[in-house]
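Step one of this worksheet: look at the structure below.
The analysis underlying the following values was restricted to heavy atoms, covering all of them including side chains, and did not include hydrogens, waters or symmetry mates. All figures in this text were calculated on a predicted structure; none of them were measured in a lab.
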There are 2 protein chains.
Amino acid sequence: MVEELDPRKKQILQAIIQEHIISASPIGSKTLAKKYNLDVSPATIRNEMADLEDLGYLEQPHTSAGRVPSDKGYRYYVDQLVSREKNEVPGVIENIENLYQDLQDVQDIISGMAKMLSNMTHYTAMVSEPKSQVSRLKKVEIMQLADNSLLLVLVTDTGMVNNKIINLDQSLSARKISYLNRFLSEKLENKLLANLDTNYLKEVEKELMARLDLSVDLFKQFYNEFEGAFEPGGVKVYLGGTSYILEQPEFNDLEKVKKMLRLLDQEEMLNKIINSMSGSDLEIKIGQENEVEDIKNCSLVVATYYISNRAVGKIGVIGPTRMEYPRVISSVDVISDILGKLISKASG
Amino acid sequence: MVEELDPRKKQILQAIIQEHIISASPIGSKTLAKKYNLDVSPATIRNEMADLEDLGYLEQPHTSAGRVPSDKGYRYYVDQLVSREKNEVPGVIENIENLYQDLQDVQDIISGMAKMLSNMTHYTAMVSEPKSQVSRLKKVEIMQLADNSLLLVLVTDTGMVNNKIINLDQSLSARKISYLNRFLSEKLENKLLANLDTNYLKEVEKELMARLDLSVDLFKQFYNEFEGAFEPGGVKVYLGGTSYILEQPEFNDLEKVKKMLRLLDQEEMLNKIINSMSGSDLEIKIGQENEVEDIKNCSLVVATYYISNRAVGKIGVIGPTRMEYPRVISSVDVISDILGKLISKASG
DNA sequence: TTTTAGCACTCAATTAAGGAGAGTGCTAAC
DNA sequence: GTTAGCACTCTCCTTAATTGAGTGCTAAAA
């Protein structure tokens with residue numbers, strides 16, 4: 001399906017896309033001939049443009065308008081015409097890292113990076129929390145708050161901290177709590193969360209019951225916390241720069257803005273979107289390639305970030321298909337690296 | 001400044017406001033005569049309307065348009081014409097409470113209530129976290145995650161849980177940690193957070209240093225957590241139903257939407273807004289009465305919520321001055337009650 | 001004195017019409 | 001294969017005309 005285009009067609013396609021990204025409006029042959037010295041006349045360019053339209057790389061909003069890139073055109077552009085080399089400005093990474101190195105809290109780092117990415121790209125950024133399935137439980141601890149109220153704290157090796165207050169119908173002695181802590185530490189710590197499924201927990205429960213006289217209630221709440229906090233697909237998604245989409249001319253229609261903002265309000269949707277991306281290091285979905293109906297006029301550039309070599313989460317940008325791909329790609333690239341490093345450092 | 005209006009003027013003002021709340025456009029004398037049986041002719045109504053305009057309760061967008069309520073008009077309406085009696089539909093409170101009673105986490109409760117309130121009113125809801133200044137520290141605990149990495153957990157009696165990972169340049173023995181925990185418990189627990197200021201913490205530090213050989217670094221990070229998490233005005237503000245403002249005809253201008261969304265993106269601003277409200281149980285700020293420039297065309301209805309009889313936070317709604325005050329007032333009233341109850345229950 | 005009918009007047013919003021401009025496709029010449 | 005020329009198309013902008021809701025004022029009626 002991906003024809004090899006002759007050099008001049010490539011050149012013209014690239015020029016049209018670049019120009020369109022700047023102007024957000026259809027591009028005519030004359031503009032092209034003037035701004036990009038292609039050494040051919042507008043008429044020739046017109047012929048080439050007609051060819052490119054036949055091949056599906058360009059579209060014409062109406063008979064007497066210029067051409068606009070199609071999704072296929074962008075796809076070709078991104079795959080063939082954009083260099084993916086890391087062309088970082090030296091020092092930028094270090095600067096950002098220094099800027100954020102004081103942050104110890106993983107949630108703070110994530111939302112900080114979401115903001116940073118949206119500021120850099122001027123599109124809306126989204127970051128998913130480290131996936132728990134590939135994390136290990138580093139620490140589990142129960143502490144007593146009041147007579148029949150406990151605080152359960154769970155810490156993963158990716159630095160995520162979850163806590164939940166558990167109210168019991170009975171009170172536990174300090175001895176029982178300390179026993180419970182030792183027991184749970186031994187049974188649960190340093191295990192992959194993916195392995196701490198219902199089956200395993202049932203086993204642990206049975207064993208515990210045999211040794212200690214406890215209410216079933218405690219363990220039920222215990223399950224809930226595990227399921228709720230760590231279930232796949234249920235991870236939190238952080239947004240940054242929501243209002244940037246308003247700057248885009250393709251959203252100068254209130255109806256479209258509404259649709260978009262309503263979408264971004266729904267966490268399940270964000271989850272669906274970000275989880276529909278493959279696991280590859282950097283993936284780009286253009287317009288119709290997206291599965292979610294409401295963003296079929298948007299593009300996504302999403303990278304996977306790593307904590308100690310494990311793919312744990314995704315960070316990316318959502319904007320109109322007419323996106324500044326080269327800039328966005330390198331920004332997402334850089335920030336995903338930094339995010340991984342910062343979290344690794346913070347979670348020791 | 002608040003004149004006593006004769007009954008007919010009252011009636012007409014109320015009718016205009018009610019009609020305007022529905023239609024969002026200027027109201028003419030004919031409409032009024034038709035829809036509300038005032039038993040007088042449009043001409044008479046016109047005279048009254050001219051009077052009400054002279055008194056400042058109404059405004060005229062342009063010479064040949066109907067009248068629109070002024071801020072002063074809304075103020076009169078809210079103060080004199082809206083009944084503040086609680087007219088709850090019986091059972092609603094119980095239903096909501098049941099719906100959310102499973103939630104144990106205070107943050108979940110708050111954001112759940114923000115969503116609920118925005119769904120009920122169809123405006124944007126904002127809720128501030130329980131103020132820490134009037135809370136007591138219920139539990140402070142340090143636990144070891146790795147050799148030189150600790151987790152500090154702070155729990156207030158209002159159920160707020162804060163945690164922070166602290167990376168040290170030295171490692172602490174289990175004995176030292178357990179000593180530290182006993183010491184901090186004794187010195188800090190059950191104290192009002194307002195009293196745990198820099199002075200007091202310095203004292204504690206001095207005493208601790210005398211007894212235990214510790215790096216200064218630990219205490220520095222300790223301070224930060226206290227200041228960051230619990231400083232007044234720095235509390236988190238939860239939003240619900242941001243996209244509802246888009247439904248309002250007064251925001252059918254993209255520029256206005258942008259301004260508003262940018263405002264709601266800034267947490268400091270939300271803090272400023274919600275903290276500028278008096279401490280009264282239910283306060284309403286209409287248009288120009290607001291201090292923050294960008295919301296001088298908005299109204300706020302904000303209630304204080306209580307946990308065990310202490311005023312701890314605020315919950316409210318922001319929308320256009322043309323707001324359905326009666327419905328909003330009772331919704332905010334009800335939800336603030338429920339919020340307080342739910343948190344009280346969850347934090348035991 | 002208050003209320004009402006009548007009427008001229010005002011102003012925003014909608015519709016219609018007339019360019020202006022940008023761009024195309026085609027043809028014929030280079 | 002490339003280019004100049006030209007008729008044609010379609011959107012966008014501006015201007016003008018029309019509509020319609022609503023007012024303020026005056027003078028008569030209650």
Side-chain angles (χ1 to χ4, degrees), chain A residues 5-13 15-20 22-70 73 249-250 252-254, chain B residues 5-13 15-20 22-70 73 249-250 252-254:
Chain A
L5 297 179
D6 68 64
R8 196 169 64 190
K9 282 199 174 59
K10 269 191 194 175
Q11 207 185 357
I12 289 177
L13 180 57
I16 289 180
I17 293 182
Q18 281 174 9
E19 194 60 23
H20 179 68
I22 297 168
S23 71
S25 46
I27 312 301
S29 53
K30 213 172 154 188
T31 326
L32 229 50
K34 222 185 299 172
K35 282 212 183 176
Y36 298 74
N37 44 345
L38 300 169
D39 293 329
V40 283
S41 76
T44 310
I45 296 177
R46 275 205 289 283
N47 288 332
E48 295 285 39
M49 280 160 78
D51 286 354
L52 283 168
E53 186 176 354
D54 286 344
L55 291 168
Y57 295 104
L58 296 179
E59 280 166 3
Q60 214 172 7
H62 55 87
T63 333
S64 69
R67 300 305 205 290
V68 155
S70 66
E250 21 276 279
N252 60 6
D253 175 12
L254 257 181
Chain B
L5 298 179
D6 67 65
R8 195 169 63 193
K9 283 201 173 59
K10 269 190 194 173
Q11 207 184 356
I12 289 177
L13 179 57
I16 289 179
I17 293 182
Q18 281 173 8
E19 194 61 24
H20 179 68
I22 297 169
S23 71
S25 47
I27 312 300
S29 54
K30 215 172 152 188
T31 326
L32 228 51
K34 224 184 298 171
K35 282 213 183 178
Y36 298 73
N37 44 344
L38 299 168
D39 293 328
V40 285
S41 76
T44 311
I45 296 177
R46 274 205 290 284
N47 288 331
E48 295 286 38
M49 280 160 76
D51 287 354
L52 283 168
E53 186 175 354
D54 288 342
L55 291 169
Y57 295 104
L58 296 179
E59 281 167 1
Q60 214 170 6
H62 55 87
T63 333
S64 69
R67 298 305 205 293
V68 154
S70 66
E250 20 276 279
N252 59 6
D253 175 12
L254 258 181

For the student: nearest non-hydrogen atoms of B:Pro26 and B:Val68, plus distance: CA-CG2, 3.7 Å
Looking at CZ of A:Arg67 and CD1 of A:Ile12, how far apart are the two atoms once the value is rounded to the nearest 0.5 Å? 11.0 Å
Could you tell me how far apart A:Ile45 (CD1) and D:dA4 (P) are, to the nearest whole angstrom? 12 Å
Considering only nitrogen or oxygen atoms on both sides, find all protein atoms under 3.5 Å from nucleotides 27-30 of chain C and state each distance.
none

Polar atom pairs between nucleotides 2-8 of chain C and protein, under 3.5 Å, N or O only, would you list them?
{"residue": "C:dT3", "atom": "OP1", "partner": "B:Arg8", "partner atom": "NH1", "Å": "3.0"}
{"residue": "C:dT3", "atom": "OP2", "partner": "B:Arg8", "partner atom": "NH2", "Å": "3.2"}
{"residue": "C:dT4", "atom": "OP2", "partner": "B:Ser41", "partner atom": "N", "Å": "2.9"}
{"residue": "C:dT4", "atom": "OP2", "partner": "B:Ser41", "partner atom": "OG", "Å": "3.3"}
{"residue": "C:dT4", "atom": "OP2", "partner": "B:Thr44", "partner atom": "OG1", "Å": "2.4"}
{"residue": "C:dT4", "atom": "O5'", "partner": "B:Ser41", "partner atom": "OG", "Å": "3.4"}
{"residue": "C:dG6", "atom": "O6", "partner": "B:Arg46", "partner atom": "NH2", "Å": "3.4"}

How many angstroms lie between atom CG of A:Leu55 and atom CG of A:Asp51, to the nearest 0.5 angstrom? 6.5 Å
List the atom pairs, with distances to 0.1 Å, where a side-chain N or O of residues 59-66 of chain A and a protein N or O form a donor-acceptor pair under 3.5 Å, not counting sequence neighbours.
{"residue": "A:Gln60", "atom": "NE2", "partner": "A:Thr63", "partner atom": "O", "Å": "3.0"}
{"residue": "A:Gln60", "atom": "NE2", "partner": "A:Ala65", "partner atom": "O", "Å": "3.3"}

Taking atom NZ as the centre, does A:Lys30 end up with more than 12 heavy-atom neighbours from other residues, nucleotides or ligands that are less than 6.0 angstrom away? no
Please state how far atom CD in A:Glu59 lies from atom P in C:dT24, giving the value in whole angstrom units. 15 Å
Roughly how many Å is it from CG in B:Asp54 to C1' in D:dT23, rounded to a whole number? 14 Å
Name every donor-acceptor pair, under 3.5 Å, that has one atom in a side chain of residues 37-46 of chain A and the other anywhere in the protein, sequence neighbours excluded.
{"residue": "A:Ser41", "atom": "OG", "partner": "A:Ala43", "partner atom": "N", "Å": "3.3"}
{"residue": "A:Ser41", "atom": "OG", "partner": "A:Thr44", "partner atom": "N", "Å": "3.4"}
{"residue": "A:Ser41", "atom": "OG", "partner": "A:Thr44", "partner atom": "OG1", "Å": "3.3"}
{"residue": "A:Arg46", "atom": "NH1", "partner": "A:Ser29", "partner atom": "OG", "Å": "3.2"}

Rounded to whole Å, the NZ-P distance (A:Lys34 to C:dG21) equals 14 Å
Value rounded to 0.5 Å, distance of CD1 in B:Ile16 from OH in B:Tyr57: 13.0 Å
Heavy atoms of B:Leu58 and B:Met49 approach each other most closely as CD1-O, 4.0 Å
Between P of D:dT23 and CG of B:Leu58, the distance in whole Å: 11 Å
Could you measure the distance from the CG atom of A:Leu52 to the NZ atom of A:Lys10? Nearest 0.5 Å is fine. 12.5 Å
Among residues 60-70 of chain B, which ones have heavy-atom contacts with DNA chain C below 4.0 Å? B:His62, B:Thr63, B:Ser64
Quickly work out the A:Lys30 NZ to D:dT3 C1' distance and round it to whole Å. 15 Å
Pairwise distance CD(B:Gln11) to CG(B:Leu32) - rounded to 0.5 angstrom: 9.5 Å
Atom NZ of A:Lys35 and atom P of C:dG23 are separated, to the nearest Å, by 11 Å
Under the rule for side chain to side chain contact (heavy atoms under 4.5 Å, CB included), what residues qualify as partners of A:Asn252, not counting sequence neighbours? B:Leu254
So, does B:Thr31 get its side chain near the phosphate of D:dG22, meaning an N or O under 4.0 Å from OP1 or OP2? yes
Measure NE2/A:His20 against P/C:dG23 and give the value in whole Å, please. 14 Å
